[in-house]
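Computed over heavy atoms, backbone and side chain alike; hydrogens, waters and symmetry mates excluded. Convention: sequence-line order gives letters A, B, ...; per-chain numbering from 1.
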Amino acid sequence: MPELPEVEVVRRGLDRWVTGRTIASAEVLHPRAIRRQDGGAEDFTARLAGRTVSAPRRRGKYLWLPLDDGALLAHLGMSGQLLVGDPDRPPDRHLRVRLTFTDGGHDLRFVDQRTFGHLMVAELVPDAFDGTVPEPVAHIAADPLEPVFDDEAFYRALRRRRTGLKRALLDQTLISGVGNIYADEALWRARLHWARATENLTRPEVTRLLAAVREVMAAALAVGGTSFDSLYVNVNGESGYFERSLEAYGRRDEPCSRCGTPIRRDVFMNRSSFSCPRCQPRPRRPRL
DNA sequence: GGGTTAACCTGCGGGC
DNA sequence: TGCCCGCAGGTTAACC
């Protein structure tokens, strides 16, 4: 389940392995992997051959490799992996796209079991700040690790919304990069319930929440991200270790490390939410 | 037009 | 043994 820290781990790996190299060819093995490319596989491969890759960039869960013309944009979805390795190694079972380079060295493979992820070649457009982003990323908010993220604007946006706090945290147009795992972890750290109405949040609460989001993401990044199984790995196929540090997510009925109360699991938005019933009291008027 | 839900996918594990 | 169901969940189209 790649969220911001996992995508950043991949970005750093790509920076080491593909920056400055020139793409020789692209092979699409599953059409769904490039479903957002208007011109289909033919257009996708034509726009990659002969292009040189510069340093990879990221916003939230989106990752892109700037090219001489446009950018190769990637979203890993639920189970996507970008793997770098010996071009002669056997193909993975869920290999969707393969890129080779003119130097004949390591290739780059997009492997995605559940096919929620995708790749595409997109134009770069100006973003809301001073940089450029691929056009499909233009509607995404800055992520909390970017210097351009505006804490005060985020607070004001929450107060204008009429929805629940976790729903807002998962809304990539308000704050990007947060997914189900880090949303639960940040809410636990900030001692806020997921169903708190955003319009009632105080400034200190939002400050606490943003600090918690940044802390938990930085801690995950430091150990290579969260891996529950082999589905999430870095470009070398190695797993991260943050699962050991999770305080709420996946810990149903286990004691809260602060107060000992068993962690509770709620079903919400067709997915699980984990929280401490004592540290994160349910609001009187919950918003789901 | 903001808010909410369903659909898209595959593999795995539990229950019968 | 084998089948069915629930679950994992990021994004977006479609709905209200």
*asked:* Checking the side chain of A:R271 only, and the main-chain atoms of A:M269 only, is there a donor and an acceptor separated by less than 3.5 Å?
replied: yes

Checklist entry - Does A:R271 get its side chain close enough to the base of C:dA8, under 3.5 Å, for a donor-acceptor pair? => result no

Taking only side-chain N and O atoms of A:R35, does any of them lie within less than 4.0 angstrom of OP1 or OP2 on B:dC8? no

Among B:dC9, C:dG10, B:dT4, the one nearest any side-chain atom of A:T115 is B:dC9

From NE2 of A:H30 across to P of B:dT10 the rounded distance in Å is 6 Å

Is there a side-chain contact between A:Q172 and the phosphate of C:dT11, meaning an N or O under 4.0 Å from OP1 or OP2? yes

Is there a side-chain contact between A:H118 and the phosphate of C:dT11, meaning an N or O under 4.0 Å from OP1 or OP2? no

- Verify the contact: side-chain N or O of A:S79 to OP1 or OP2 of C:dA8, cut-off strictly under 4.0 Å; return yes or no. no

Between CG of A:L4 and P of C:dG10 the distance, given in whole Å, is 13 Å

inquiry  = Between A:R36 and C:dT11, is there a contact of a side-chain N or O with OP1 or OP2 at under 4.0 Å?
reply    = no

Testing C:dT11, B:dG3, C:dT12 for proximity to the side chain of A:H139, the answer is C:dT12

Base, sugar-phosphate, or nothing: which does A:R287 touch, judged by heavy atoms less than 4.0 Å apart?
-> nothing

Rounded to whole Å, CZ of A:R32 lies from C1' of C:dT12 at a distance of 11 Å

Rounded to whole Å, the CE-C1' distance (A:M269 to B:dG3) equals 11 Å

Which of C:dA8, B:dT5, C:dG10 is nearest the side chain of A:R167? It is B:dT5

When rounded to whole Å, the CG to P distance for the pair A:L119 and C:dT11 reads 15 Å

A:R96 CZ to B:dC8 C1', in whole Å, measures 13 Å

To the nearest angstrom, the CG-P distance between A:D112 and C:dA8 comes to 19 Å

Requested in this report: Step by step, work out the side-chain hydrogen bond (donor to acceptor under 3.5 Å, both in side chains) result for A:K166 and A:S273.
Outcome: CA-CA 9 Å; A:K166 183 167 176 183; A:S273 279; 2.7 Å; yes

Could you check A:D107 against A:R109 for salt bridge (charged side-chain N to carboxylate O under 4.0 Å, His left out), going step by step and ending with a plain yes or no?
CA-CA 7 Å; A:D107 68 2; A:R109 300 182 181 191; 3.0 Å; yes

Whole-Å distance, A:R114 CZ to C:dG6 C1', equals 13 Å

The answer to which of A:F116 and A:P136 contacts DNA chain C further toward the 5' end, by nearest nucleotide, is A:F116

With the side chain defined as heavy atoms from C-beta on, A:M78 is closest, among B:dT10, C:dG10, C:dT12, to C:dG10

Quiz item: Does A:R258 make a cation-pi contact with A:W188, if we ask for NZ or CZ under 6.0 Å from the ring centre and within 45° of the axis?
Solution: yes

Do A:R21's NZ or CZ and the ring of A:F101 fall within the cation-pi criteria of under 6.0 Å and 45°? yes

Taking for A:R160 and for A:H94 the nucleotide of DNA chain B with the nearest heavy atom, the one nearer the 5' end belongs to A:R160

- Give A:F268 one of three labels, base, sugar-phosphate or nothing, depending on what nucleic acid heavy atoms sit under 4.0 Å from its own. nothing

request  = May I ask you to verify if any side-chain N or O of A:T163 is less than 4.0 angstrom from the OP1 or OP2 atom of B:dT4?
outcome  = yes

- prompt: Relative to each other, are the rings of A:F149 and A:F154 parallel, tilted or perpendicular (30° and 60° limits)?
  reply: tilted

